[in-house]
Amino acid sequence: MIIGIPVKEKGADPLIDERFGRCNYFCIIDDKEQITFLENSAKDQASGAGGQSVKLLADEDVDTIISPHIGPKAMDAIKLLNINVFSLGDSITVTQALKNIKAGKLELVDSEKKGLKRV
């Protein structure tokens, strides 16, 4: 499983960004728990930032996203690419999100629903 999480900044345990398509970076965690940061080059686009952000993550072989908000266009792209999306739960940092997903505390979001808002 390769996980992508929108974050506000790079760091040892960054805060998760409330915005998916407009976040500054994505924290990418591979199956060996190696962490890298991907600058979100789509964040300043006038429109379609969510869909382009999904493409950036797919290009990094991300198959799981943890995010507090995802817009409807991004959800359409996620569905097409068969990427799993988990709600944030009570996670506010990447470390908490990883701990919660390993413990089965995060809810898998149904991609048939349009957009993910504060679940």
Side-chain angles (χ1 to χ4, degrees):
M1 175 167 46
I2 300 176
I3 301 171
I5 304 173
V7 295
K8 295 182 178 186
E9 58 192 13
K10 297 178 185 179
D13 190 16
L15 293 172
I16 295 173
D17 199 320
E18 294 284 321
R19 306 161 300 162
F20 175 75
R22 305 276 178 203
C23 69
N24 290 324
Y25 299 97
F26 288 102
C27 183
I28 309 291
I29 303 101
D30 69 16
D31 53 359
K32 296 176 185 169
E33 298 196 10
Q34 294 290 323
I35 295 175
T36 58
F37 291 92
L38 174 68
E39 185 171 351
N40 184 6
S41 60
K43 70 177 182 176
D44 295 323
Q45 289 192 1
S47 65
Q52 287 298 313
S53 295
V54 171
K55 183 177 181 327
L56 288 171
L57 293 174
D59 288 347
E60 297 294 321
D61 297 323
V62 167
D63 58 12
T64 302
I65 294 172
I66 301 173
S67 182
H69 299 280
I70 295 181
K73 291 179 184 176
M75 284 301 282
D76 287 344
I78 286 168
K79 181 180 174 185
L80 286 172
L81 296 169
N82 294 318
I83 297 173
N84 291 318
V85 177
F86 286 86
S87 64
L88 193 60
D90 62 355
S91 310
I92 59 170
T93 67
V94 168
T95 299
Q96 289 172 328
L98 293 176
K99 181 178 175 183
N100 285 337
I101 197 169
K102 287 178 186 174
K105 292 182 177 178
L106 300 185
E107 179 183 350
L108 182 63
V109 176
D110 180 0
S111 64
E112 292 299 319
K113 295 177 184 175
K114 296 294 182 184
L116 169 66
K117 302 287 184 190
R118 290 243 181 238
V119 290

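These values consider heavy atoms only, across backbone and side chains, with no hydrogens, waters or symmetry-generated copies. Since the structure is predicted, the reported quantities are computational estimates derived from the model, not experimental observations.
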Practice task
For Leu80, enumerate each residue passing the side-chain contact (heavy atoms from CB on, under 4.5 Å) test, keeping only those at least two apart in sequence or located in another chain.
Solution key: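 Per chain and number, Leu80 pairs via side-chain contact (heavy atoms from CB on, under 4.5 Å) with no residue.
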
Handout entry: Residues forming a side-chain contact (heavy atoms from CB on, under 4.5 Å) with Glu60, sequence neighbours excluded
Key =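 Glu60 satisfies side-chain contact (heavy atoms from CB on, under 4.5 Å) with Leu38, Val62 once adjacent residues are dropped.
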
Ignoring hydrogens, what is the shortest heavy-atom contact between [X] and [Y]? Give both atom names and the distance.
{"X": "Cys23", "Y": "Arg19", "result": "CB-O, 3.3 Å"}
{"X": "Ala77", "Y": "Val54", "result": "CB-CG1, 3.8 Å"}
{"X": "Ala12", "Y": "Pro14", "result": "C-CD, 3.8 Å"}
{"X": "Leu81", "Y": "Ala58", "result": "CD1-CB, 3.7 Å"}

Problem - Side-chain donor/acceptor of Asp17 to backbone N/O of Pro6, under 3.5 Å - result: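 Such a contact is absent between Asp17 side chain and Pro6 backbone.
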
Exercise for the section: Check for a donor-acceptor pair, side chain of Gln96 on one end and backbone N or O of Thr93 on the other, with a separation under 3.5 Å. Expected result: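 Flag set: sc Gln96 to bb Thr93 pair under 3.5 Å.
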
Exercise for the section: With Ile29 as reference, evaluate Val94, Ile101, Ile2 under the side chain to side chain contact (heavy atoms under 4.5 Å, CB included) test and give the passing residue. Expected result: Val94

Beyond-backbone contact of [X] with [Y], side-chain heavy atoms, under 4.5 angstrom:
{"X": "Leu57", "Y": "Ile83", "answer": "no"}
{"X": "Ser91", "Y": "Ile66", "answer": "no"}
{"X": "Met1", "Y": "Asn84", "answer": "no"}

Under the salt bridge (Lys or Arg N to Asp or Glu O under 4.0 Å) rule, collect the residues that match up with [X], sequence neighbours excluded.
{"X": "Arg22", "value": "none"}
{"X": "Lys32", "value": "none"}
{"X": "Lys10", "value": "none"}

Problem - Residue pairs, two or more places apart or on separate chains, that pass ring pair (Phe, Tyr, Trp, His ring centres under 6.0 Å) and touch residues 21-61 - result: Phe20-Phe26

Could you tell me which residues satisfy side chain to side chain donor-acceptor pair (under 3.5 Å) with [X], sequence neighbours excluded, listed by chain and number?
{"X": "Asp59", "result": "Lys55"}
{"X": "Thr36", "result": "none"}
{"X": "Glu33", "result": "Lys102"}
{"X": "Asn24", "result": "Lys43"}

Rounded distance [0.5 Å steps], [atom1] in [X] versus [atom2] in [Y]:
{"X": "Ile70", "Y": "Ile65", "atom1": "CD1", "atom2": "CD1", "answer": "5.0 Å"}
{"X": "Cys27", "Y": "Leu98", "atom1": "SG", "atom2": "CG", "answer": "7.0 Å"}
{"X": "Ile3", "Y": "Ser67", "atom1": "CD1", "atom2": "OG", "answer": "13.0 Å"}
{"X": "Gln52", "Y": "Ser47", "atom1": "CD", "atom2": "OG", "answer": "9.5 Å"}
{"X": "Ile92", "Y": "Glu18", "atom1": "CD1", "atom2": "CD", "answer": "10.0 Å"}

Problem - Same apolar cluster (I L V M F W Y, side chains within < 4.5 Å links), Ile5/Leu108 - result: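 As far as the 4.5 Å side-chain criterion goes, Leu108 and Ile5 are connected within one cluster.
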
